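Provided herewith is a single structure, encoded as C-alpha cells, for subsequent inquiry.
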Amino acid sequence: MYQAWTMGIDLPGISDGQINMVLSRITQMAMVIQIVTLIIGVLVCCLGLKLVRVLSVLAGIVIGSGIGTGVVLGLGFSGTMIPVMILVCTIVTAVLCGGVRKLGIFFVVLLQIIGVAAALFLPGIRDLTQVFLVFGIGAAALLLAVLAVIKPEPVVVVVTGISGGLSVGNAAAALLGIGGNIWTGYGIGAAAALIGIWVQFMMQSRKIGKNEKVYAERMKGQVSRESEVEKARKILEDEEEEEEISPKKGKTVRGSDMSEEEDEDDDITIISEEL
C-alpha cells in the first residue's frame, strides 16, 4: 500500500485521507515498537545477568511453544487439543526453566546466540555458504550453552551484552532515520555491547566484593568468639588450679600449728617435772 501511494497509484475504494491515516498509524506503531525494543535491549545489555531468571522464563515460553507445536504436528491432534497441548507444554517448560537455573541459562544462551546469528546473516542471505554459516553458528551456540551451564556468569554477561547491544543498535538506527545503513546500526550495537558488558562485569565484581566482605566479617566474628571461649576456658583452668593449691596450703599451715602446739606441751611437761 505504501509503495502504491508513493508511486501515485490510486487504490479502489480508498481515499488519500484514509491512506495517510493508515500510514501515520503504522508509523506510530513502528516507532513504539522501536522504542520498546530499545528499552528492552538496554536492559538486557546492561542487566542481563541480573535478569537471567526473567530471561529464562521467556526462553522457556519460546521453547515450550515450539515443543508443543511439534507434539501437535507429530501426533496429529485436532480441535481444542491443539491450543491445550501447546499451552501445557509452554507452561511446563517455562516453570522448569524458571525453577532450574542451569536449564534456564542453557536455553537463554542458546536462543540469544541464534537470535544474534539470525539478525546478522539471515537478512542478507544469498547463497548456500551463508546458510551453512548460520548452521555453524547454531552449533557454536549449542557449545556455548553447554559452557554456560559450567561457567554461567561470564558467558551470560558476554552473550546478553552482545544480544542487547545489537537490539539497541538496530532500534537506535531506525529511530534516528538511518536504518538503511546497516553498518551504522552495527557500530552503535557494538558500542552498546561493550558498555553493557563492562557494566555487568563491574556489577558482578562488586557483588563478589560484598560477598567476600560479609564472609570476612563472619570469619572474624567466629575467630573472636573462639578466642573468647579460649580465654574463658583458661580462666576456668586457672581457678581450678588455685582451688587445688589452696587446700594443700591449708594442710601445711595446720601441720605447722600442730607442731608448735606439741612443742609448747613438751616445754610445759619439762617445767613441771623440774618443779
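Just the heavy atoms: all of them, side chains too, but no hydrogens, waters or symmetry mates, feed the values below. All of these numbers come straight from a predicted model, not from anything done at the bench. Starting from 1, each residue takes its place in the sequence as its number.
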task: Kindly compute the distance separating CD (E153) from OG (S205), expressed to the nearest 0.5 Å.
output: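 If I round to the nearest 0.5 Å, the distance is 12.5 Å.
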- request: Apply ring pair (Phe, Tyr, Trp, His ring centres under 6.0 Å) to W198 and F201, showing your working.
  value: CA-CA 5 Å; W198 177 77; F201 275 123; over 10 Å; no
message: Quick one, V72 and I86 - any side-chain contact, counting heavy atoms below 4.5 Å?
response: yes
Verdict with reasoning, V71 to F77, per side-chain contact (heavy atoms from CB on, under 4.5 Å): CA-CA 8 Å; V71 171; F77 288 118; 4.0 Å; yes
- request: Would you mind telling me which of V158, L144, V159 makes a side-chain contact (heavy atoms from CB on, under 4.5 Å) with Q112?
  value: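 Between Q112 and the candidates, side-chain contact (heavy atoms from CB on, under 4.5 Å) is satisfied uniquely by V159.
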- request: Any chance you could measure F107, atom CZ, to L96, atom CG, to the nearest 0.5 Å?
  value: 9.0 Å
query: Does the side chain of P152 come within less than 4.5 Å of R101's, by heavy atoms?
result: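 Yes - at least one pair of side-chain heavy atoms lies under 4.5 Å apart.
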- prompt: CE of M203 to CG of L47: how many Å apart, nearest 0.5 Å?
  reply: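 Between atom CE of M203 and atom CG of L47 there are 5.0 Å.
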- request: Search all heavy atoms of S167 against all heavy atoms of G41 and return the closest pair with its distance.
  value: CB-CA, 4.1 Å
message: Hydrophobic cluster membership, with links at side-chain heavy-atom distances under 4.5 Å among I/L/V/M/F/W/Y: are V156 and V108 in one?
response: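 As far as the 4.5 Å side-chain criterion goes, V108 and V156 are not connected within one cluster.
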- request: Return the minimal non-hydrogen interatomic distance between A173 and G185, and the atom names on each side.
  value: CB-CA, 4.0 Å
query: Under a 4.5 Å side-chain heavy-atom rule over Ile, Leu, Val, Met, Phe, Trp and Tyr, are V42 and L176 clustered together?
result: no
- prompt: According to a 4.5 Å side-chain heavy-atom criterion applied to Ile, Leu, Val, Met, Phe, Trp and Tyr, with indirect links allowed, do L38 and M31 form part of one hydrophobic cluster?
  reply: yes
message: If I compare all heavy atoms of I188 with all of A172, which pair ends up nearest, and what's the gap?
response: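 Taking I188 first and A172 second, the nearest heavy atoms are CG2-CB, 4.2 Å.
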message: Is any side-chain heavy atom of T160 closer than 4.5 Å to one of L49?
response: no
- prompt: In terms of hydrophobic clustering (I, L, V, M, F, W, Y; side-chain heavy atoms under 4.5 Å; direct or indirect links), are V100 and V146 co-clustered?
  reply: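 Shared cluster, yes.
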message: Side chains of I63 and L111, heavy atoms from C-beta outward: is any pair under 4.5 Å?
response: yes
message: Let's go through I105 and V149 carefully: what are the C-alpha distance in whole Å and the side-chain angles of both, what is the deciding distance for side-chain contact (heavy atoms from CB on, under 4.5 Å) to 0.1 Å, and is it a yes or a no?
response: CA-CA 7 Å; I105 288 175; V149 176; 5.5 Å; no
message: For a quick test of reading the model, state the closest non-hydrogen atom pair linking I162 to A193 and the distance between them.
response: CA-CB, 4.0 Å
query: Do L43 and L51 have side chains that get closer than 4.5 Å, going by heavy atoms?
result: yes
task: Check whether I67 and L73 end up in the same hydrophobic cluster, where Ile, Leu, Val, Met, Phe, Trp and Tyr are linked by side-chain heavy atoms less than 4.5 Å apart.
output: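 No, it is not one cluster - the side chains of I67 and L73 are not joined through contacts under 4.5 Å.
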task: Kindly indicate whether the side chain of I35, heavy atoms from C-beta on, has any atom under 4.5 Å from the side chain of L175.
output: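 I35 vs L175: side chains touch.
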task: Apply the side-chain contact (heavy atoms from CB on, under 4.5 Å) test between S163 and each candidate in I113, I114, V109, V116; give the one that qualifies.
output: V116
message: Taking C45's backbone N and O only, do any of them form a donor-acceptor pair with Q200's side chain (distance below 3.5 Å, no angle check)?
response: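 Confirmed, Q200 side chain pairs with C45 backbone.
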- prompt: Taking atom CE of M29 and atom CD of Q34, what is their separation to the nearest 0.5 Å?
  reply: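 The distance works out to 12.0 Å.
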field: F106 side chain reached by L142 side chain, heavy atoms, under 4.5 Å
entry: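 Side-chain contact under 4.5 Å: yes.
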- request: Check whether any side-chain N or O of T90 sits under 3.5 Å from a backbone N or O of S65 as a donor-acceptor pair, and report yes or no.
  value: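 Here the side-chain-to-backbone pair exists.
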- prompt: Are the side chains of T37 and N170 in touch, meaning some heavy atoms are under 4.5 Å apart?
  reply: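 Not touching, per the 4.5 Å side-chain cut-off.
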- prompt: Going from CG on L87 to CD1 on I82, what distance comes out if it is rounded to the nearest 0.5 angstrom?
  reply: 13.5 Å
- request: Take L166 and Y186 through the test side-chain contact (heavy atoms from CB on, under 4.5 Å) and record every step on the way to the result.
  value: CA-CA 7 Å; L166 183 61; Y186 288 166; 4.1 Å; yes
field: Distance-minimising heavy-atom pair for C46 and V199
entry: O-CG1, 3.9 Å
